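A short write-up of the structure that comes next.
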Amino acid sequence: IAEYHERGYVVPDYRLPETTLQEIRDRHSALLERHPEFRDNASALLSYDLGFLNYARDPSILDMVEQVVGPDICLWNMSFFAKPALNGKKTPFHQDGQYWPIQPLATCTVWIAIDAANVENGCLQYIPGSHKSRKLRAHEQKDDPNYTLNQELRPEEYNPDEAENLILEAGQMALHDVFLSHGSDENHSPHPRRGMTMRMMPTSSVYDRDLARRRHAERGGTDMSHHSLFLMRGQDTSGQNDFRLRTAADAR
């Protein structure tokens with residue numbers, strides 16, 4: 001816990017077993033057969049396959065998240081960042097909170113390596129301690145077809161030389177803070193680098209759908225106003241979160 005708050009991320013001992021990893025790979029492959037447009041980034045998994053929710057119910061993962069966000073936990077998104085072999089795209093350095101319509105801004109991301117992640121295939125890179133100001137740094141819009149996201153930290157806002165490579169074996173995971181600066185390089189290796197994320201916020205925060213719509217209108221990218229919210233533990237202490245199930249039809 002101290003490491004998470006000091007560095008902005010932590011790699012726990014817990015990992016998913018190979019049988020679970022293979023289930024996730026098979027489910028992801030089935031999703032891509034139906035939706036090849038998700039080749040690089042499936043940002044709303046649960047709108048297209050609710051079965052992914054089963055992996056977020058893992059009590060060991062929820063126990064870890066509870067230690068950093070508290071006992072009242074809302075899962076508001078799961079996504080798949082897939083860097084295919086040979087031509088996986090770059091993710092620019094950014095802070096997650098630049099994208100997310102959450103007030104006040106708070107989320108612990110669980111990033112799970114579905115394949116081994118290393119320097120050769122474009123592992124995540126974290127800048128330790130960059131979360132401590134609890135503020136969003138200046139970003140600029142980059143609508144680059146070779147990027148997975150369109151918001152990039154301005155050059156004066158970070159030093160890539162301070163970044164640490166998040167090298168993980170398949171099944172390992174990292175938990176990171178919403179304000180932590182991070183990104184990843186392209187994958188030119190012959191090996192895929194698939195990562196699945198779970199986004200967990202304390203229910204004292206509110207998922208603001210009107211803010212999501214305004215940001216989508218201003219910036220383009222993914223419309224986050226249609227994400228489903230799932231109460232994983234405790235209660236909605238804000239009393240304002242909408243837990244209605246939303247489907248792929250809502251997202252179109």
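In this text, all values refer to a predicted model and were calculated from it rather than measured experimentally.
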>> Given 3.5 Å as the limit, does a donor-acceptor pair link the side chain of Q172 with the main chain of E169, or not?
In response: yes
> Do K83 side-chain atoms and R194 backbone N/O form a donor-acceptor pair below 3.5 Å?
Replying inline: no
>> Checking the side chain of R219 only, and the main-chain atoms of N150 only, is there a donor and an acceptor separated by less than 3.5 Å?
In response: no
>> Whether the side chain of H131 engages the backbone of H5 through a donor-acceptor N/O pair (distance < 3.5 Å, no angle test) should be reported.
In response: yes
>> Please tell me whether Q240 and Y207 have a donor and an acceptor in their side chains that are separated by less than 3.5 angstrom.
In response: no
> When the ring planes of Y126 and H182 are compared, do they come out parallel, tilted or perpendicular, using 30° and 60° as the limits?
Replying inline: perpendicular
>> Looking only at side-chain N and O atoms, does T91 offer a donor or acceptor that is under 3.5 Å from a partner on T148?
In response: yes
>> Between S181 and L153, is there a side-chain heavy-atom distance shorter than 4.5 Å?
In response: yes
> Do P12 and E3 come close enough that some side-chain heavy atom pair is under 4.5 Å?
Replying inline: no
>> Please tell me whether T107 and W76 have a donor and an acceptor in their side chains that are separated by less than 3.5 angstrom.
In response: yes
>> Less than 3.5 Å apart, any donor N or O on the side chain of D26 or S29 sitting next to an acceptor on the other?
In response: no
> Is the shortest distance from a Lys or Arg side-chain nitrogen in D40 or K89 to a carboxylate oxygen in the other one below 4.0 Å?
Replying inline: yes
> Judged by atom type as modelled, is there a donor-acceptor pair below 3.5 Å linking the side chain of R137 to the main-chain atoms of S130?
Replying inline: yes
> Distance only, no hydrogens: is a donor on one side chain within 3.5 Å (strictly under) of an acceptor on the other, for Y14 and D63?
Replying inline: no
>> Any side-chain to backbone donor/acceptor pair from R215 onto D210? Under 3.5 Å, distance only.
In response: no
> Do N241 side-chain atoms and S205 backbone N/O form a donor-acceptor pair below 3.5 Å?
Replying inline: yes
>> Membership question, hydrophobic clusters at under 4.5 Å side-chain separation (ILVMFWY): are L229 and I102 in the same one?
In response: yes
> What's the verdict on salt bridge (charged side-chain N to carboxylate O under 4.0 Å, His left out) for K90 and E186, showing C-alpha distance, side-chain angles and the deciding distance?
Replying inline: CA-CA 4 Å; K90 177 177 182 176; E186 299 92 342; 5.5 Å; no
> Would R27 and D49 count as a salt bridge (charged side-chain N to carboxylate O under 4.0 Å, His left out) if you check the C-alpha gap in whole Å, the side-chain angles of each, and the deciding distance to 0.1 Å?
Replying inline: CA-CA 9 Å; R27 190 175 288 277; D49 185 347; 2.9 Å; yes
> Should M196 and M64 be counted in the same cluster of Ile, Leu, Val, Met, Phe, Trp and Tyr side chains packed under 4.5 Å apart?
Replying inline: yes
> Does a donor on one side chain and an acceptor on the other come within less than 3.5 Å for T237 and T203?
Replying inline: yes
> Checking side-chain contact (heavy atoms from CB on, under 4.5 Å) for the pair L50/L245: CA distance, chi angles, key distance, verdict?
Replying inline: CA-CA 10 Å; L50 201 57; L245 182 64; 4.1 Å; yes
> Same cluster for F230 and Y55 if Ile/Leu/Val/Met/Phe/Trp/Tyr side chains link at under 4.5 Å?
Replying inline: yes
> Are L105 and M198 grouped together when hydrophobic residues (ILVMFWY) are joined by side-chain heavy atoms under 4.5 angstrom apart?
Replying inline: no
>> Would you say D96 and H176 are linked by a side-chain donor-acceptor pair, where the criterion is simply a distance under 3.5 Å?
In response: yes
> Would a 4.5 Å heavy-atom cut-off, applied to side chains only, mark P128 and E164 as touching?
Replying inline: yes
> Only one of R7, Q95, R134 forms a side-chain hydrogen bond (donor to acceptor under 3.5 Å, both in side chains) with D177, so which one is it?
Replying inline: R134
> Looking at F81, F80, Y48, which one forms a ring pair (Phe, Tyr, Trp, His ring centres under 6.0 Å) with F38?
Replying inline: Y48
> Would Y4 and I127 show up in the same hydrophobic cluster when neighbours are defined by side-chain heavy atoms closer than 4.5 Å?
Replying inline: no
>> Any non-hydrogen side-chain atom of D242 less than 4.5 Å from a side-chain atom of R246?
In response: yes
> If only atom types and distance count, is the side chain of T109 paired as donor or acceptor with the main-chain N or O of W111 below 3.5 Å?
Replying inline: no
> Between N121 and N187, do the side chains contain an N or O donor and an N or O acceptor separated by less than 3.5 Å?
Replying inline: no
> With a 6.0 Å cut-off on ring centres, are H94 and Y99 close enough?
Replying inline: yes
> Do N87 and R39 meet the criterion of a side-chain donor-acceptor pair at a distance under 3.5 Å?
Replying inline: yes
> Heavy-atom distance under 4.5 Å between the side chains of Q22 and P17, does that happen here?
Replying inline: no
> Between Q235 (side chain) and D72 (backbone), is there a donor-acceptor pair under 3.5 Å?
Replying inline: no
